[in-house]
Amino acid sequence: MTDATATATTVTNPYAAGAAYIDGEYVPLAEARIPITDWGFIRSDVTYDVVHVWKGRFFRLEDHLERFERSAAGMRFTLPHSRAGQREILMECVRLSGLRDAYVEMICTRGTPPPGSRDPRQARNRYFAFAAPFIWVADEAQRMRGLHLVISAVQRIPPESVDPTLKNFHWGDLIRGLFDAYDRGGETVALVDGDGNLTEGPGFNIFVVKSGKVATPHRGVLEGITRRTVIELCAECGLPLDLRPVSPGEARSADEVFLSTTAGGLLPVTTIDGKPVGDGNLGPVTDRLRDLYWSKQEAGWHGTDVDYTDHA
Ligand code: PLP
């Protein structure tokens with residue numbers, strides 16, 4: 001056999017770029033489709049959650065499943081799969097893809113009410129899931145030198161309108177804020193609430209550090225699983241941490257600011273609105289917590305192994 005023939009006959013995994021579960025079947029991620037009449041698409045009537053796999057292990061899988069179930073119940077969805085069924089589907093998406101570092105999303109949409117009806121109670125809710133290659137909120141250069149954050153005057157949708165603790169697709173404010181940040185030379189954005197205090201940004205919670213004390217907004221935000229992890233790590237390190245209102249002024253005069261997200265862990269911020277945070281370099285508290293976040297995870301903390309063997 002020539003080299004050319006050998007290459008041509010090499011079997012490639014059709015799921016290598018990601019695997020999705022849709023209507024009871026597994027398909028390559030690029031082929032997954034939903035009907036355009038699904039209210040998840042035309043009404044943002046949907047909930048979701050994202051868990052990651054790092055070095056072949058889910059991180060805090062049960063916590064994500066629990067939050068997803070809570071979001072679904074809070075938005076009056078009926079999940080068509082039990083906890084065990086969902087676990088199996090997510091595992092299978094990752095197994096098929098073969099990805100060791102993956103971004104794994106589960107989604108429940110309202111579905112499509114019968115023709116002529118606008119009553120969401122008449123729709124059959126639908127469940128989707130997929131595993132894709134790991135996604136970072138910040139690229140490698142940004143992670144090394146810290147992000148340039150803009151604090152926008154755009155207000156986060158008030159919790160009285162859309163409950164931010166139920167994970168949702170109401171991102172109109174976050175996207176508007178992102179464009180505001182880009183226009184002002186920033187790379188990402190944090191939004192404020194009606195009182196002018198900080199809330200969160202597109203896909204992350206925010207923390208400030210001043211004189212060895214850590215604080216993060218207490219309301220009007222998604223209760224991030226990474227935020228919970230940071231809270232646990234602070235307790236482990238003996239770092240005092242407060243959940244309370246945090247003003248933009250406090251962030252601007254903080255020693256350190258960092259973001260937390262499943263899509264990248266702890267991400268340092270080194271400028272706000274074009275001005276340095278602290279001395280403009282990565283801070284020791286962020287560094288220590290970030291190291292712990294990854295090293296403990298790699299040692300199996302809150303981990304669930306993916307079984308990559310083919311059982312077919
Ligand atoms: N806030 C918002 C609006 C988010 O969308 C996310 C994650 O997608 C977060 C915060 C961070 O949550 P987690 O740490 O669970 O990823």
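Ligands are counted one by one from 1 in listed order, and the atoms in each one are counted from 1 as well. Hydrogens, waters and symmetry mates play no part in the numbers below; they use all other heavy atoms, side chains included.
The side chain of Y48, and not its backbone, has at least one atom closer than 4.0 Å to an atom of ligand 1 (non-hydrogen atoms only; side chain from C-beta on).
The pair E232-R60 counts as a salt bridge, with a side-chain nitrogen and a carboxylate oxygen less than 4.0 angstrom apart. The pair D273-R252 counts as a salt bridge, with a side-chain nitrogen and a carboxylate oxygen less than 4.0 angstrom apart. Between R83 and E62 there is a salt bridge, with a side-chain nitrogen of the basic residue lying less than 4.0 Å from a carboxylate oxygen of the acidic one. Look at E256 and R288 and you find no salt bridge, because none of the NZ, NE, NH1 or NH2 atoms lies under 4.0 Å from a carboxylate O.
Using a 4.0 angstrom heavy-atom cutoff, V50 does not count as in contact with ligand 1. In this structure, P202 has no heavy atom closer than 4.0 Å to ligand 1.
What sits closest to atom 1 (N) of ligand 1 on the protein, heavy atoms only, is E200 OE1, 2.7 Å. Ranking protein heavy atoms by distance to atom 14 (O) of ligand 1, first place goes to T226 OG1, 2.6 Å. Scanning the protein heavy atoms around atom 4 (C) of ligand 1, the nearest turns out to be G203 CA, 3.4 Å. Nearest protein neighbour of atom 12 (O) of ligand 1, counting heavy atoms only, is G224 CA, 3.4 Å. When only non-hydrogen protein atoms are considered, atom 16 (O) of ligand 1 lies nearest to T262 OG1, 2.7 Å.
In terms of polar-atom proximity, R67 is counted as a contact of ligand 1, with an N or O under 3.5 Å from an N or O of the ligand. Inclusion of R156 in the set of residues having an N or O under 3.5 Å from an N or O of ligand 1 is not warranted. Taking only nitrogen or oxygen atoms, main chain and side chain alike, I225 reaches within less than 3.5 Å of ligand 1.
Within the 4.5 Å cutoff, no side-chain heavy atoms of Y15 are placed close to those of L99.
Closest approach of R95 and T309 over heavy atoms only: CD-O, 3.1 Å.
For the side-chain contact (heavy atoms from CB on, under 4.5 Å) with M106, the lone residue among V51, L79, I89, V50 that qualifies is V51.
At least one donor-acceptor pair under 3.5 Å links the side chain of T47 to the backbone N or O of K167.
Taking the six-membered ring for Trp and thresholds of 30 and 60 degrees, W54 and W294 have ring planes inclined between 30 and 60 degrees apart.
Of all the atoms in ligand 1, the ones that sit under 4.0 Å from a non-hydrogen atom of W171 are 5 (O). Near K167, meaning under 4.0 Å from any of its heavy atoms, are these atoms of ligand 1: 4 (C), 5 (O), 6 (C), 7 (C), 8 (O).
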